[in-house]
> 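My questions all concern the structure below.
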Amino acid sequence: MNRRALLGAAATAAPATMLAAPALAQSAPEIRWRLTSSFPRNLDILFGAPEHIARRVAALTDNRFQIRVFPAGEIVGGLQALDAVQAGTVECAHSASYYYVGKDPAFAFFTAMPFGLNTRMFNAWYKHGGGAALAADLFAGYNTVVVPAGDTGAQMGGWFRKEVKTLAELQGLKFRVAGFAGQVFAKLGAVPTQVAASDIYPSLERGTLDAVEFVGPYDDEKLGFARVAPNYYFPGFFEPGARLHFMANKTAWDALPAAYKAAIETACAEADLDMTARYDAGNPQALRRLIAAGAQLRPWSREILAGAWKATHELYDETSAKNERFKTIWESYRRFRDDEYAWFRVAENSFDNFAFTAAQTVR
């Protein structure tokens, strides 16, 4: 091609090049969001999930979409995250929906239910059993869009100043416990209260609380509960898994380009898997350290577990009679849970019962 032809081609291409830049800017605008976490910075797995999301969203959008992450208390308190998102005080949050059962008990389904779905079962129900649509419908009433963004896996049953062997010993016990579990323990005679993570230890140390639960060994070691309440109960029958969510103000979400929404969803999916993996990796060593330091590992008595099962299902029926949304979700959740329990009993529990015991006794 001669010089004249090259110049002509360049002149022809120039308008297209000039048009491309503003078109690109329009489809990939620079956006800045603020995220409030329900957790303090020192709980590095819980607080680390939204930090991971923010980093990945920035990387996936060539740094054009930035999310700044704030710990609980810097913008709003840990238990006010949903309110802040709903009102547009912040564009997004990372929180546990069961903190908001006071608004609607149905919020508990999307974090943890006593004697409910474990982490894998919840994933199956949420993605392939109708759970996602039920969650979207619930949160839409609060001007919020949610994306799953972390699961702790099975939790522990809590730290108690004194041993608790019978239902009678639960009477009047002041217990920090979150979500629907508080209502179960109230039915058993305890006095439940919900306290944000950063306030739990001071309340326990002052004697405002007789017992606390949070997550499991990795976090509980950091929070120092064993120093005041050395009796560590298991299993966490009220949290067989605990799901967290990225919560976005619906107006802000709807204004995002499709590629930015996809970036959030991708980053949340990564954070979701990583949180469970980090807890599964960190809990065994933390439990060993806690026991070495004097924590007393204790199983719930059969009497307490049986009483809790009965109280839990009575409460589900009572709440369903008063709350149509709760009833609708519970019917979906229960059917799925019962099928999963039957399957896991055959495929998982039979293996676990033998292999976990054999690993300690057979060499």
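Heavy-atom basis, side chains included; hydrogens, waters and symmetry copies ignored.
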> Under a 3.5 Å threshold, yes or no: a donor from one side chain and an acceptor from the other, between Asn349 and Tyr341?
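There is no such pair between these side chains.
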> Would you say Val69 and Ile75 are hydrophobically clustered, going by side-chain heavy atoms of ILVMFWY under 4.5 Å?
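No, Val69 does not connect to Ile75 through the hydrophobic network.
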> Are side-chain N/O atoms of Tyr142 and Asp104 paired as donor and acceptor at under 3.5 Å?
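Note: Tyr142 and Asp104 side chains miss the donor-acceptor criterion.
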> For Arg302, does the CZ atom have more than 12 heavy-atom neighbours from other residues, nucleotides or ligands under 6.0 Å away?
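No.
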> Are Tyr316 and Tyr333, when compared by the centres of their aromatic rings, separated by less than 6.0 Å?
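Tyr316 vs Tyr333: aromatic centres not under 6.0 Å.
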> State, to 0.1 Å, how close Lys165 and Glu169 come at their nearest heavy-atom pair, and which atoms those are.
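Of all heavy-atom pairs spanning Lys165 and Glu169, the closest is N-OE1, 2.5 Å.
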> Do Tyr99 and Phe107 have their ring centres less than 6.0 Å from each other?
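Between Tyr99 and Phe107, the centre distance exceeds or equals 6.0 Å.
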> Taking C-beta and beyond as the side chain, do Arg161 and Val228 meet within less than 4.5 Å on heavy atoms?
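Yes, side chains in contact.
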> Spell out, as yes or no, whether a donor-acceptor pair under 3.5 Å connects the side chain of Arg289 to the backbone of Pro217.
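Pair absent, no side-chain N/O of Arg289 close to backbone of Pro217.
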> Looking at Arg334 and Asp338, is any side-chain nitrogen of the basic one under 4.0 Å from a carboxylate oxygen of the acidic one?
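Result for this pair is no, no salt bridge flagged.
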> Check for me, please, whether Met247 and Leu35 land in the same ILVMFWY cluster - side-chain distances under 4.5 Å, paths through other members count.
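Cluster IDs for Met247 and Leu35 differ.
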> Parallel, tilted or perpendicular: which fits the ring planes of Phe110 and Tyr126, with parallel below 30° and perpendicular above 60°?
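Geometry flag for Tyr126 against Phe110: perpendicular rings.
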> Do the ring centers of Trp33 and Phe65 come within less than 6.0 Å of each other?
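Yes, close enough.
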> Quick one: do Val57 and Phe70 end up in the same hydrophobic cluster if we chain Ile, Leu, Val, Met, Phe, Trp and Tyr together by side-chain heavy atoms under 4.5 Å apart?
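As far as the 4.5 Å side-chain criterion goes, Phe70 and Val57 are not connected within one cluster.
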> Give a yes or no on whether Lys327 atom NZ has more than 12 heavy-atom contacts from other residues, nucleotides or ligands under 6.0 Å away.
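Result for NZ/Lys327: open.
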> Verify side chain to side chain contact (heavy atoms under 4.5 Å, CB included) between Glu213 and Arg176, making sure each step is shown before the conclusion.
CA-CA 6 Å; Glu213 64 78 32; Arg176 184 276 177 190; 2.9 Å; yes
> Give a yes or no on whether the backbone of Trp159 and the side-chain of Asn231 come within a donor-acceptor separation of less than 3.5 Å.
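Checked: no pair found.
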> Using a strict 4.0 Å threshold on nitrogen-to-oxygen distance, state whether Arg325 and Asp137 make a salt bridge.
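So Arg325 pairs with Asp137 through a salt bridge.
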> Taking all heavy atoms of Asn42 and all of Lys222, pick out the closest pair and write down the distance.
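So the two residues come closest at O-CD, 3.6 Å.
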> On a heavy-atom basis, which atom in Ala252 and which in Glu91 lie closest, and how many Å separate them?
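Heavy atoms of Ala252 and Glu91 come nearest at CB-CG, 4.2 Å.
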> I'd like to know whether Lys187 forms a salt bridge (Lys or Arg N to Asp or Glu O under 4.0 Å) with Glu318, so could you lay out the CA-CA distance, the side-chain angles of the two residues, the decisive distance to 0.1 Å, and finally the verdict.
CA-CA 12 Å; Lys187 204 170 179 65; Glu318 292 163 7; 2.9 Å; yes
> For Gly307 versus Leu188, what's the shortest heavy-atom pair and its separation?
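Taking Gly307 first and Leu188 second, the nearest heavy atoms are O-CD2, 3.7 Å.
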> Does this structure show an ion pair linking Asp272 with Arg243, if we count only N-O contacts that are shorter than 4.0 Å?
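The answer is yes: the pair qualifies as a salt bridge.
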> Under 6.0 Å between ring centres, would you say that holds for Trp300 and Phe238?
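That pair fails the under 6.0 Å test.
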> Does Arg120 CZ have over 12 foreign heavy atoms under 6.0 Å away?
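Atom CZ in Arg120 is not packed in, count stays at 12 or less.
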> Is it true that atom NZ of Lys174 has more than 12 heavy atoms of other residues, nucleotides or ligands lying nearer than 6.0 Å?
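Result for NZ/Lys174: enclosed.
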> Please tell me whether Phe109 and Phe180 form a close aromatic pair, meaning their ring centres lie under 6.0 Å apart.
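Centroid distance Phe109-Phe180: not below 6.0 Å, so no.
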> Side chains of Tyr279 and Asp219: is there a donor and an acceptor less than 3.5 Å apart?
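Side chains of Tyr279 and Asp219: pair found under 3.5 Å.
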> Show the nearest heavy-atom pair for residues Thr119 and Gly153, with the distance to one decimal.
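Residues Thr119 and Gly153, closest heavy atoms: OG1-CA, 3.2 Å.
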> To check you understand the geometry: which heavy-atom pair defines the closest contact between Tyr100 and Ser38, and what is its length?
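Heavy-atom minimum between the residues: OH-OG, 3.8 Å.
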> More than 12 heavy atoms of other residues, nucleotides or ligands under 6.0 Å from CH2 of Trp343: is that the case?
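No - once you tally the heavy atoms of other residues, nucleotides and ligands closer than 6.0 Å, there are 12 at most.
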